[in-house]
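A short worksheet on the structure shown next.
Quick note on labels: first sequence line is chain A, next is B, and so on, each numbered from 1.
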Amino acid sequence: MSDPSSINGGSAVAMMGKDCVAIACDLRLGSQSLGLANNFEKIFNFGHVFLGLAGLATDVTTLSEIFRMKTNLYKMKEERLIEPESFANLVSSTLYERRFGPYFVSPIVAGINSKTDKPFICGFDLIGCIDYAKDFIVAGTSSDQLFGMCESLYEPNLEPEDLFETISQALLSATDRDALSGWGAVVYIITKDKVLFLIYFF
Amino acid sequence: MVGLSFDNYQRNQYLAAKGVGVPKATSTGTTIVGCKFNGGVIIAADTRATAGPIVADKNCEKLHRLSPTIWCAGAGTAADTEMVTQLISSNLELHSMSANRSPRVVTALTMLKQHLYKYQGHIGAYLIVAGIDPTGAHLFSIHAHGSTDVGFYQSLGSGSLAAMAVLESNWRDGLTKEEAIKLCSDAIEAGIWNDLGSGSNVDVCVMEIGKDAQLYRNYLTPNTRAQKSKSYKFPRGSTAILKEDIYKLVDVEEEVVNLDTMQVDA
Amino acid sequence: MDIVLGIKVQDSVIVATSKAATRGISILKDTDDKTRALNEHNLMAFTGEAGDTVQFAEYIQANIQLYGMRENFDLPPKAVNHFVRNQLASSIRSRKPYQVNVILAGYDEAKEEPSLSWIDYLGTKVDIPYAAHGYAGFYTFSLLDRHYRSDMSVDEGLKILKLCSEELNKRMPIDFKGLRVKIVDKSGIREIDVGL
């Protein structure tokens, strides 16, 4: 046991395409080298906003429940669903609240603003610093590998079908080189009126 | 509860005692500078954010707005510079509304240094604060422990030595706006090229007396990536799929209800 | 070195725990029961720090019982699992966290399906077809990966458990004094003697 954010393993990635976004994660949950489960999803959706949470599994579960509560309260107060940009700030302030005792997670957010139809992706460090990006966001134990894959495979303005191939191959290649990630994957392709949800194995 | 929550601090101390390390936050291994000129003040920054040896963000924003005419450049722990800046910005706005005066740079400076001193350096924000107020143009720097400096030119961050070398050799009294912009962007470029923690582009903010502050986002882009000569697009159907689902998520229906004619049960 | 195993089959869950109670180099007891019945259809098996385990298990047991009495309704497995996870997830952020890992075996009467949940002292929770804490997993998961089917009968499940038990007896450095085996299904919790 050394670093809390790599006890359980796992990775997530998000990409921006032409009028669409994609978010994907692996399905492994382990305890150090021992793989325990191949059904541990790290992507959660709150209305049309998608949140990927890589890191310490207990904190992944805890935070997903916290955000479920917070977005439900938001929905009741505002009588509308939360938009990706607002949700990003909600994540940021929730994490910074624990500045000196952080949750050991690297969250990523993806979604399309339902008013403006603008695609949005961003990432955070464990204390809530937002990393806005126009291309891709990576997180988890294979983030180094994902950076390399995305930097070379990514190109702007991909159609949903092409974005799916790019994000899938980036994630698969990256997790294949990480002992703590893999064991199946899920990809979500989000366009302004529908979500494609795909699982695949290797 | 007032202030930040220390709840998980004990858990992490416990985990640390068991030999668990604490992961690194994004830090802005950074070059930021500021310099006064005849009739105003300028701040500038690079746009690289790092997490250890990895470049986390190639084009981040390190220039923050405290008020329309007071801006600040941040180095150190990225989340801290962002959050401390937002907090003081809010308080500055509230203060100026209750005092019915436009905010002063020294007010921002005092609020920032008192906040940072209270946290004894644990909030890792290193800032260059500059701006225009009714008393003129001002330039300050603040360290995470709460100490502040005044000067005609300032530099902070891991690239501050490279930047200061440029500032020290080229700064003189009575610079024009254009000369000051050149000096600041040169200083940032020195950081971009010579400091590994800094890189990518130059952002500049010009605050001139009697004018609105002007942010020049990506004033210089000396590191643009060339177009890839080959596309790495995969043929559709490359990736094997096990299961596919389609969700239609958003389906909002709106209806106008006339309140006068609406029937209400007694 | 304690062994805690759980296998979910067609319409029940098999739970096996080692009978040895060890302190340092001594085996204090060879009839230990590392499980607590939380209510009619929920069984919790546990390992971890000596004092913490039973203290935690009986605290959970008392609270689940209390809920059943107050509401005249027994919590279903899913609710029990989340309650236990929440307790452990809050505990890990306290001054002295419980160092307890648990496996929760249950049967949901409404849904008419068995449930198996793996939860560690950090509050990590996963629902899986077969589960183990500690070193037992390293020796048994490969066997379970090879032989497990989700539509097995209890007898078929017990056959795999026998394979696991043989492997553990062969590979474990100390005698764990055999396994205590319990079944959770629609008729409740019962202990069976299968000579392991």
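Heavy-atom minimum distance, C:Asp127 versus A:Asn39: O-ND2, 3.1 Å. Smallest separation of non-hydrogen atoms from C:Ile128 and A:Leu36: CG2-O, 3.8 Å.
The list of side-chain hydrogen bond (donor to acceptor under 3.5 Å, both in side chains) pairs with a residue in residues 184-196 of chain C, not counting sequence neighbours, reads C:Arg180-C:Glu191, C:Asp185-C:Ser187, C:Asp185-C:Arg190.
When heavy atoms are compared at a cutoff of 4.5 Å, C:Asp120 does not approach chain A at all. Neither the backbone nor the side chain of C:His133 comes within contact range of chain A; no heavy atom of the residue lies under 4.5 Å from a heavy atom of that chain. In this structure, the portion of C:Phe141 lying under 4.5 Å from any heavy atom of chain A is its side chain and not its backbone. For A:Leu56, the part lying under 4.5 angstrom from a heavy atom of chain C is the side chain only.
The local environment of CZ in C:Arg149 is crowded, with over 12 non-hydrogen atoms from other residues, nucleotides or ligands closer than 6.0 Å. For C:Glu71, the CD atom is densely surrounded, since the number of other residues' heavy atoms within 6.0 Å is greater than 12. Applying the 6.0 Å contact sphere to OH of C:Tyr139 captures more than 12 heavy atoms from other residues, nucleotides or ligands. Around the CZ atom of A:Arg80, the shell of radius 6.0 Å holds more than 12 heavy atoms that belong to other residues, nucleotides or ligands. Counting heavy-atom neighbours within 6.0 Å of C:Glu40 CD, excluding the residue itself, gives a total of 12 or less. The local environment of CD in A:Glu78 is crowded, with over 12 non-hydrogen atoms from other residues, nucleotides or ligands closer than 6.0 Å. Under a cut-off of 6.0 angstrom, the local environment of CG in C:Asp145 is crowded, with over 12 non-hydrogen atoms contributed by other residues, nucleotides or ligands.
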side-chain contact (heavy atoms from CB on, under 4.5 Å) between C:Arg85 and A:Glu65: does it pass, once the steps are laid out?
CA-CA 12 Å; C:Arg85 189 202 95 82; A:Glu65 281 166 8; 3.7 Å; yes

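In this structure, C:Asn86 contributes its side chain and A:Thr62 its backbone to no donor-acceptor pair below 3.5 Å. Side chain of A:Thr58 to main chain of C:Ala89: no donor-acceptor pair is present (N/O by atom type, distance under 3.5 Å, no hydrogens or angles).
Rounding to the nearest 0.5 Å places OG of A:Ser31 at 7.0 Å from CZ of C:Phe138. Remark: C:Lys125 NZ to A:Phe40 CZ distance equals 9.0 Å, nearest 0.5 Å.
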